[in-house]
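Letters A, B, ... are given to chains in the order of the sequence lines, protein chains preceding strands, and every chain is numbered from 1.
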Amino acid sequence: MHAVTYELIKKDEKTKARRGRIHTPHGDIETPVFMPVGTAATVKAMRPEEVKELGASIILSNTYHLYLRPGHELVREAGGLHKFMNWDRAILTDSGGFQVFSLGDLRKISEEGVAFRSHIDGSKHFFTPEKSIEVQNALGSDIIMAFDECAPYPAERDYIKRSLERTTRWLARCKEAHKNTETQSLFGIMQGGMYQDLRHQSAMEIVEMDLPGYAIGGLSVGEPKDVMYEVLDYCVDYLPENKPRYLMGVGSPDCLFEGVERGIDMFDCVLPTRIARNGMAMTSGGRVSIKNAQYERDFSPLDAECDCYTCKNYSRAYLRHLFKSNEILSSMLLTNHNLHFLVNMMGKIRESIEEDRFSEYKKSFYAKYGRF
RNA sequence: GUGGGUAUAGUCAAGUGGUUAAGACACAGGGUUGUGGCUCCUGCAUGCGUGGGUUCGAGUCCCAUUACCCACC
């Protein structure tokens with residue numbers, strides 16, 4: 001028995017959308033779900049209690065960052081990541097695979113692993129699948145991710161093929177290295193770029209390893225949205241129905257709807273938290289750049305339809321003032337709102353699937369939200 | 001009143017007779033998708049207190065004038 005298991009509750013009649021539940025040692029996760037990102041053992045600008053209050057049942061944290069600082073041994077000493085950061089719900093840790101991609105010229109990939117330089121102090125490090133799992137075992141997150149290579153876009157078919165096959169070999173090593181199977185579950189990651197046959201190949205190879213969950217990686221790396229949707233269409237079909245499906249790094253409202261429609265259960269993204277710190281809000285009427293001069297004397301709430309703490313208590317004019325003044329509270333209030341917006345939206349999506357009106361809900365959402 | 005100094009964008013300012021007047025902040029707009037991000041990109045002075053003059057050419061030199069600052073009476 002895996003530490004993390006998936007329960008399929010209901011399938012949408014018209015689309016591939018589905019309503020499910022993931023059981024973890026730190027509580028159940030109703031799916032489809034959006035996971036806020038807390039890279040350095042903190043969802044930036046938020047207290048854990050707030051993240052809980054707005055309804056998040058799982059957050060994502062990062063192996064690469066915690067390994068570099070404060071160090072996974074220190075987190076282990078602290079009693080694990082949950083205790084260290086005072087978060088008693090589920091945690092998923094990314095493997096550091098994405099940093100292999102985003103660190104760009106600071107790294108070198110080989111069969112054994114990845115040599116890279118710390119973005120903090122420039123020191124040299126070497127990550128292998130075994131190392132990534134060792135770190136994630138020390139952190140104690142409920143879901144740990146395989147160490148993969150997130151290939152760039154665009155990329156030659158030949159490169160993608162060799163990369164995906166290496167990612168598969170790395171996955172086998174991850175599975176072998178993973179010891180805490182009673183408390184932590186390892187998810188595999190599909191690669192294959194924008195090539196259908198390679199996606200199929202990748203899926204066949206990783207599904208065979210019978211892991212408790214599967215992620216689709218290598219998307220949202222700069223390709224046009226319609227390309228991503230097209231790839232997503234067939235990717236989901238290659239994954240087993242009785243396991244959660246996780247689309248990595250996707251989090252704009254439209255992408256969430258499109259992902260759910262194609263059968264995705266889990267999403268994570270820095271978008272809501274990052275843009276919040278840069279003065280951008282997601283609202284039911286579309287994106288609102290709170291720094292725009294038009295809100296200088298706008299004393300109405302950010303989103304009249306929102307019942308989050310920020311919208312219940314503060315005006316656009318005040319939020320603009322906070323942002324222009326570089327006040328810490330600006331990041332706090334906008335992050336709170338954006339996370340609430342997405343978590344709440346996912347709740348409505350789940351409800352709509354239960355009531356067989358997902359397509360209708362999507363349509364009405366798009367009508368109001370407009371351009372993304 | 002006398003002597004000296006300073007006036008360049010909303011602010012602080014570079015500029016030593018030669019293309020198109022640095023830069024910073026502010027302001028305005030845009031970006032951000034498994035976080036190297038309180039960040040990045042773009043725009044923003046046909047003009048140098050005002051009026052004359054010298055010169056092929058003046059923010060730069062000369063004269064006058066106004067405002068402000070400092071010292072002395």
At under 4.0 Å between heavy atoms, what does A:Ser331 touch on the DNA or RNA strands: base, sugar-phosphate, or nothing? nothing

Give me syn or anti for B:G47, where syn covers glycosidic angles within 90 degrees of 0. syn

Consider side-chain hydrogen bond (donor to acceptor under 3.5 Å, both in side chains). Of A:Gln184, A:Arg89, A:His82, A:His23, which one does A:Asp142 pass it with? A:His82

What verdict does the salt bridge (Lys or Arg N to Asp or Glu O under 4.0 Å) test give for A:Glu258 and A:Lys225, after you've listed the backbone C-alpha separation in whole Å, the side-chain angles of each residue and the deciding distance to 0.1 Å? CA-CA 10 Å; A:Glu258 298 301 325; A:Lys225 281 184 179 179; over 6 Å; no

Which whole-number value in Å describes the distance from A:Ile120 CD1 to B:G36 P? 11 Å

Considering only side-chain heavy atoms of A:Ala293, which listed nucleotide, B:G29, B:C38, B:G34, is closest? B:G29

Whole angstrom is fine here: how far is it from CG in A:Asp268 over to P in B:U32? 17 Å

Is a salt bridge present between A:Asp356 and A:Lys10, judged by a nitrogen-to-oxygen distance below 4.0 Å? yes

By the 4.0 Å heavy-atom rule, please label A:Leu60 as base, sugar-phosphate, or nothing. sugar-phosphate

Taking atom P of B:U39 as reference, at what distance in whole Å does atom NZ of A:Lys44 sit? 13 Å

Is any side-chain N or O of A:Asp148 under 3.5 Å from a base N or O of B:G34, one able to act as donor and the other as acceptor? yes

Taking A:Arg19 first and then A:Glu354, would you say they form a salt bridge - that is, a charged N and a carboxylate O separated by under 4.0 Å? yes

Among B:C27, B:U35, B:G30, which nucleotide has an atom closest to any side-chain atom of A:Arg277? B:U35

Can a side chain N or O of A:Lys324 be found less than 4.0 Å away from OP1 or OP2 on B:C27? yes

Side chain of A:Gln99, heavy atoms from C-beta onward: which of B:G31, B:C38, B:U35 has the nearest atom to it? B:U35

With a 3.5 Å limit on both atom pairs, tell me what B:C56 is paired to, counting Watson-Crick and G-U wobble, or say none. B:G18

